[in-house]
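To keep things clear, I will list the structure first and then write my remarks on it.
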Amino acid sequence: MSMAPRTKLLAGNWKMNKLSSELPGFFEAFARELGAGAPGAEILFAVPYTLLAKARELAAPRGIEIAAQNVHSEPNGAFTGEVSFAMLKDVGIGATLIGHSERRQYFGETDEAVAKKTKAALAQGVKPIVCVGETLAEREANLTGEVVGRQLDAVLKGLGNPKTLGNLVIAYEPVWAIGTGRSATSAQAQDVHRFIRARVVAHSSREAADSLRILYGGSANPANIAELLAQADIDGALVGGASLKPADFAAMVRAAG
Ligand code: PGA
């Protein structure tokens with residue numbers, strides 16, 4: 001059986017950081033650090049709404065994709081403070097994070113909301129990077145599979161058991177590893193990634209599962225990235241802190257290929 005290799009995806013998540021004046025310097029330094037030659041991975045940065053247009057202008061010529069960090073599922077209407085898919089596309093953006101644990105934790109995003117957004121993203125042709133992951137208490141109570149399974153099932157059920165999943169990307173981000181400097185071990189991450197892929201086989205198809213990219217996130221850094229990426233079911237990383245530093249993130253991209 002032949003299987004097309006999954007192109008690695010290195011995605012930065014800037015969270016609520018950076019101003020437009022920092023962008024030219026950042027992308028210049030990042031390109032310099034990356035060096036000549038085609039990178040061995042796709043590169044993406046999820047940036048605050050205010051930076052989307054300018055970041056895209058600077059990143060697109062370098063073959064780097066810019067994504068939003070959130071989106072609303074409705075096409076328009078009385079949703080003060082929200083941004084629609086059409087609005088993202090209006091400024092040339094074709095990808096977004098959905099259901100990051102900080103959105104779930106601090107802004108009350110439910111599995112149902114995440115499912116709705118993911119369904120809308122696929123319908124709109126916007127690449128959804130959907131985040132799942134357990135808290136420390138849940139891991140310690142041996143509930144990792146149950147929690148990640150529930151989060152994933154909500155999304156997959158919302159899609160109605162399709163044979164293919166388009167450009168869906170899943171990011172496994174254990175909450176206890178995010179911003180703590182305490183990454184999951186490569187074995188812990190691989191276990192959950194394998195679990196996620198098997199769940200996708202059950203809901204969708206072997207083919208969809210084989211082409212699905214599953215990113216690891218949570219204190220990924222230049223020192224641990226190679227070992228994480230060497231795991232069979234880890235197809236890239238969603239990187240917070242280290243993606244704010246051009247040299248660190250460039251080193252992580254280089255480690256991918
Ligand atoms: P971190 O964040 O790399 O700073 O742990 C990852 C994330 O929240 O996406």
Side-chain angles (χ1 to χ4, degrees), residues 8-18 22 26 30 33 41-49 51-52 55 64-71 93 95-109 114 117-118 121 127-139 144 147-148 151-152 155 168-186 188-190 192-193 196 213-229 231 234-256:
K8 296 264 194 291
L9 172 60
L10 268 281
N13 174 12
W14 280 0
K15 310 193 179 185
M16 196 170 74
N17 291 291
K18 295 200 189 289
E22 299 172 72
F26 179 90
F30 181 64
E33 294 288 345
E42 286 178 26
I43 306 168
L44 173 153
F45 290 94
V47 307
Y49 289 134
L51 302 181
L52 286 172
I64 297 169
E65 187 169 16
I66 298 299
Q69 297 175 2
N70 184 31
V71 67
I93 300 301
T96 183
L97 303 184
I98 293 179
H100 187 278
S101 69
E102 287 150 19
R103 300 284 331 155
R104 295 176 188 258
Q105 226 180 321
Y106 307 138
F107 303 98
E109 265 190 43
V114 171
K117 290 178 182 196
T118 307
K127 174 161 67 198
I129 303 173
V130 179
C131 306
V132 298
E134 81 289 359
T135 63
L136 185 59
E138 288 162 346
R139 174 163 284 262
T144 300
V147 170
V148 172
Q151 293 170 335
L152 195 60
V155 168
L168 175 71
V169 175
I170 299 287
Y172 168 57
E173 298 205 303
V175 178
W176 48 271
I178 295 178
T180 58
R182 181 185 166 193
S183 166
T185 65
S186 53
Q188 283 174 323
Q190 167 57 22
V192 181
H193 282 231
I196 290 171
R213 288 186 292 188
I214 308 174
L215 314 183
Y216 168 77
S219 298
N221 62 45
N224 61 23
I225 190 71
E227 196 187 322
L228 287 162
L229 294 179
Q231 305 304 309
I234 300 186
D235 308 308
L238 182 55
V239 183
S243 76
L244 297 169
K245 301 177 198 143
D248 282 6
F249 196 59
M252 296 173 79
V253 172
R254 284 200 309 271

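Both ligands and their constituent atoms are indexed starting at 1 by order of listing. Positions are given from 1, in the same order as the sequence printed here.
Contacts between Ala177 and ligand 1, counted as non-hydrogen atom pairs separated by less than 4.0 Å, involve the backbone only. Both the backbone and the side chain of Ile178 come within contact range of ligand 1, each with a heavy atom under 4.0 Å.
For the pair Thr180 and ligand 1, the shortest N or O to N or O distance does not fall below 3.5 Å. In terms of N/O distances under 3.5 Å, ligand 1 is not approached by Gly217. Geometrically, ligand 1 and Val239 share no nitrogen or oxygen pair separated by less than 3.5 Å. Any N or O atom pair closer than 3.5 Å counts here, and Gly179 shares at least one such pair with ligand 1.
Closest protein heavy atom to atom 9 (O) of ligand 1: Glu173 OE2, 2.6 Å. The protein heavy atom nearest to atom 4 (O) of ligand 1 is Gly241 N, 2.9 Å.
Atoms of ligand 1 found under 4.0 Å from any heavy atom of Gly240 (numbered from 1 in listed order, with element): 1 (P), 2 (O), 3 (O), 4 (O), 6 (C). Heavy-atom contacts of Lys15 reach the following atoms of ligand 1: 2 (O), 7 (C), 8 (O) (cutoff under 4.0 Å). Against a heavy-atom cut-off of under 4.0 Å, His100 is close to the following atoms of ligand 1: 7 (C), 8 (O), 9 (O).
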Derivation and outcome, side chain to side chain donor-acceptor pair (under 3.5 Å), residues Ser186 and Glu227: CA-CA 6 Å; Ser186 53; Glu227 196 187 322; 2.5 Å; yes
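No donor-acceptor distance shorter than 3.5 angstrom exists from the side chain of Ser243 to the backbone of Phe249, with no hydrogens or angles considered. Checked by atom type and distance alone, the side chain of Arg103 never pairs as donor or acceptor with a backbone atom of Gln69 at under 3.5 Å. A donor-acceptor distance shorter than 3.5 angstrom exists from the side chain of Lys18 to the backbone of Leu244, with no hydrogens or angles considered.
Residues Glu109 and Asn70 meet the side-chain proximity criterion, which asks for heavy atoms closer than 4.5 Å.
Annotation: side chain to side chain contact (heavy atoms under 4.5 Å, CB included) contacts of Asp248 (sequence neighbours excluded): Pro222, Ala242, Lys245.
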